[in-house]
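Chain letters run A, B, ... following the sequence lines, proteins first, then strands; residues in each count from 1.
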Number of protein chains: 2
Amino acid sequence: MTTMKDIAEKAGVSRSTVSRVINGHDSVKEEKRKKIMKIVEELNFKPNKVAQSLVSNKSYLIGVIAPNISNPFYSEIIEALEIEANKKGYNIIVCNSGGNIEREKNYLEILYGRQVDGIIVIPSEYKLPHFQELIDNDIPVLTLTKNINNFDSVLVSHQNGGAEVARHFIEMGHKNIGYIGPVPDKEGKLLGFKNELKKHCLEIESSNYIESDFAGRSASQVVYKATTKYLKEHDLKATAFFVVNDLAAFGAIHAFSDFGLKIPEDLSIVGFDNTFFAAESRPTLSSVAQPIEEMGKVSIEILLDKINNKEEKYFTKLLEPYLIVRDSSRINKKS
Amino acid sequence: MTTMKDIAEKAGVSRSTVSRVINGHDSVKEEKRKKIMKIVEELNFKPNKVAQSLVSNKSYLIGVIAPNISNPFYSEIIEALEIEANKKGYNIIVCNSGGNIEREKNYLEILYGRQVDGIIVIPSEYKLPHFQELIDNDIPVLTLTKNINNFDSVLVSHQNGGAEVARHFIEMGHKNIGYIGPVPDKEGKLLGFKNELKKHCLEIESSNYIESDFAGRSASQVVYKATTKYLKEHDLKATAFFVVNDLAAFGAIHAFSDFGLKIPEDLSIVGFDNTFFAAESRPTLSSVAQPIEEMGKVSIEILLDKINNKEEKYFTKLLEPYLIVRDSSRINKKS
DNA sequence: CTGAAAGCGCTAACAG
DNA sequence: CTGTTAGCGCTTTCAG
């Protein structure tokens, strides 16, 4: 490995001088500058970032902890974070917590030992045990998608997302509206949905709930079963369903189809998250999109602000989702 | 930040002794050991990995460069890599090249400067300019999914994947078989497919090719158009199509459906990659799966072998894909 | 404008 | 068993 010492010796100057030209510091006599740069090129010298970190106490590294990288939603967020971090001269260390709170804690300690400049966590649950220690330890931690205690956080208003779906259904002339997913939902989609309906003097009749769990990869099958069961036991009255997320929505759509119902002719469906396949499925799925790029951008901005300006105050940045209407809800009941 | 010095002073011992107990070295008198550990706990001391790296010349960091993290296929690979690396005590720095060869080069230099112990690249193209410099610079580089010059690589036999699809079609009694995708395809799926057909005295008639590009997010739409155009201009004779990847397969399926053809009653379809949604679409899509976990595991193993044992020889590890049969090809033409 | 010297936090001989 | 010393590669005063 070639070091500054090598360069210095070859150029007949001191290490400090090499350091100065590498970092564009001060004024170094043009002649020496050129000579040094030439040797740097020749030997393809890159300053050792580890040594730089040690002295500057800055690693230009950001730790990112997510429940699982392969989940399309998280991987899109990570991509957004990486792109934004890279623009600012940072790299990211990605950690897969597997939704396990112990591993989250473990990764935090690892990242702490690695002297990362900041950490972005997409928490698995609404708590982050042992995080306080780290906070006390002067390293900025930002939670993304979930708000926890006194941590800075970047959130998306699921309530407003739900409200937008309600408005959409109302505009399309639906009167008898349902919901598929867990009740209550932790994020508040259902609450926002119901509140907005109420403003328009509508409500979800109790028989229009299809309660179902929705987490993980099997969401679609779980919801398929729940929906099928529902259809056998109830007379379907609703003409539109809001479903807690896209994957669950696919499960529901398949159940409805297999029961002989047509989407959107008989039934409108709207999902949440606007995952990749919403635009690829048949029918294409209307869905509430989270502003992923913005989430990445804002998160990095806030974190860097904390890092560089030692901002003391807590941020809770609330971003707005937006509904993307596709075929699954494109029938106007008024007409 | 609390350092070894703090611990040492508080315990009334030297830094070396602290270092020894932290690293489980040598024998330290039990009494001192306990005293030191107690203080370590109290102060929540974690050794500074940056300083450790500087002296040991090992960072326990692996760089991963991928075309785009948010692509489900790549994100699954990254997850597999992360999990495997973590088991071995390594963390990964994830870099998004955006399929841009300049950025790939740029990231390589950054990673080099960061003293990562090794780099895994999922290359965008079949070349890696300027990588040779790095190789010369003693840092192990492994290419994943694509084989390049003299680099170590972990590959999946697309040829064998194609062959497996051919055997499947033959078993199902298809005689008139087609292919949708680029001709020739770089990875060799088509070649393997044709060769296997030939073994069984079958071939793809020239009118059974639907040539189409397939890369990127719009693959599905591009293939939809190509397929629709094909259907208008040709009499469909094939009863089964092998499609270059899943996304393209969805595009083709939609085109066929819109044309009034039923899958699999009229036409069997098999895709490639076994992406998440193959199991979620209707009909569910038969697809050739790449052994992603194994890819992650093997890649990390080979890389660590290079790192730790300074292995000189080149590896080219070829892994086998496997066909997953789902509804889209579950009709037996013999019957 | 430039070199010498000290030090970032940790490890590894080398004595004792 | 344990302390002293030197040094990893780089930056940063401080003189000159």
Side-chain angles (χ1 to χ4, degrees), chain A residues 1-37 39-40 43-61 109-117 137-139, chain B residues 1-37 39-40 43-61 89 110-117 137-139:
Chain A
M1 187 210 286
T2 98
T3 74
M4 274 195 172
K5 197 168 160 234
D6 303 327
I7 310 284
E9 279 170 5
K10 219 164 183 162
V13 298
S14 75
R15 269 133 76 240
S16 345
T17 305
V18 177
S19 173
R20 280 188 268 257
V21 342
I22 291 288
N23 296 297
H25 273 333
D26 290 325
S27 30
V28 172
K29 212 192 288 172
E30 193 53 22
E31 182 194 358
K32 286 195 177 175
R33 246 192 63 78
K34 278 190 178 156
K35 186 168 182 188
I36 290 171
M37 281 313 285
I39 300 177
V40 165
L43 275 56
N44 191 239
F45 169 76
K46 299 269 175 292
N48 182 327
K49 201 102 191 158
V50 171
Q52 287 181 327
S53 293
L54 185 59
V55 29
S56 69
N57 207 23
K58 286 218 53 177
S59 62
Y60 291 93
L61 236 27
E109 290 181 348
I110 291 175
L111 292 172
Y112 171 50
R114 281 202 180 278
Q115 311 295 115
V116 298
D117 294 339
N137 259 311
D138 71 25
I139 155 160
Chain B
M1 187 210 286
T2 99
T3 75
M4 274 194 173
K5 199 170 160 231
D6 303 328
I7 310 285
E9 280 170 4
K10 218 161 185 166
V13 300
S14 74
R15 270 133 75 240
S16 347
T17 304
V18 178
S19 172
R20 280 189 269 258
V21 341
I22 291 289
N23 297 296
H25 273 331
D26 290 325
S27 31
V28 173
K29 212 192 288 173
E30 194 52 21
E31 179 194 0
K32 286 196 177 175
R33 246 192 64 78
K34 279 192 177 152
K35 186 168 184 189
I36 291 171
M37 282 313 285
I39 301 178
V40 165
L43 275 56
N44 191 238
F45 169 76
K46 297 270 174 290
N48 181 328
K49 201 102 190 153
V50 171
Q52 287 181 325
S53 293
L54 187 59
V55 31
S56 68
N57 207 23
K58 287 218 51 173
S59 61
Y60 290 93
L61 235 28
I110 290 174
L111 292 173
Y112 172 49
R114 281 202 181 277
Q115 312 296 115
V116 297
D117 294 339
N137 259 312
D138 71 27
I139 155 161

Those residues that, when tested against B/E31, pass salt bridge (Lys or Arg N to Asp or Glu O under 4.0 Å) (two or more places apart): none
Length of the line joining B/I36:CD1 and D/dC1:C1', which is rounded to integer Å: 12 Å
Smallest separation among heavy atoms of B/A11 and B/K35, with atom names: O-NZ, 3.7 Å
With sequence neighbours excluded, residues passing side-chain hydrogen bond (donor to acceptor under 3.5 Å, both in side chains) with B/R114: A/N91
B/V116 to B/I139 - nearest heavy-atom pair and separation: O-CD1, 3.3 Å
Residue-phosphate contact under 4.0 Å: A/H25 side-chain N/O, D/dT12 OP1/OP2: yes
Atom-to-atom span, CZ of B/R15 to P of C/dT11 - whole angstrom: 11 Å
Distance, rounded to the nearest Å, where B/R33 contributes CZ and D/dT2 contributes C1': 15 Å
Touch class at under 4.0 angstrom, heavy-atom based, for B/V13 against every strand present: sugar-phosphate
Short side-chain N/O contact to D/dT11 OP1/OP2 from A/Q52, under 4.0 Å: yes
Candidates C/dC10, C/dT11, D/dT2 - which lies nearest the side chain of B/N23: C/dT11
Salt bridge (Lys or Arg N to Asp or Glu O under 4.0 Å) partners for B/K58, two or more places apart: B/D117
Atom pair distance, as rounded to whole Å: CD in A/E9 and C1' in C/dA4: 15 Å
B/S14 side chain near D/dT4 phosphate (N/O to OP1/OP2, under 4.0 Å): no
Degree of bending, the helix from C/dC1-D/dG16 to C/dG16-D/dC1 (end axes from five pairs; round to 10°): 40°
Any side-chain heavy-atom pair of B/M37 and B/K34 under 4.5 Å: no
Within 6.0 angstrom of B/K10 NZ, more than 12 heavy atoms from elsewhere: no
No-H, no-angle donor-acceptor pair, A/S16 side chain to C/dA4 base, under 3.5 Å: yes
Distance in angstrom units between B/N48 CG and C/dG9 C1', rounded: 6 Å
Donor-acceptor side-chain pairing of B/S16 and B/S19 below 3.5 angstrom: no
Rounded distance in Å - CZ (B/F45) to P (C/dC10): 4 Å
Between C1' of D/dC14 and CZ of A/R20, the distance in whole Å: 11 Å
Any B/T3 side-chain N or O less than 4.0 Å from OP1/OP2 of C/dG9: no
By ring-ring contact (aromatic ring centres under 6.0 Å, His included) - contacts of A/F45 (at least two apart): none
DNA chain C-proximal residues of residues 53-61 of chain B, any heavy atom under 4.0 Å: B/V55
Candidate nucleotides C/dT2, C/dC10, D/dG3, ranked by approach to the side chain of B/K32 - the nearest: D/dG3
Rounded interatomic separation in angstrom, taking NZ from A/K29 and P from C/dG3: 10 Å
DNA chain D: 5'-proximal contact among A/V18 and B/E30 (nearest heavy atom): B/E30
Close side-chain approach of A/Q115 and A/N57, heavy atoms under 4.5 Å: yes
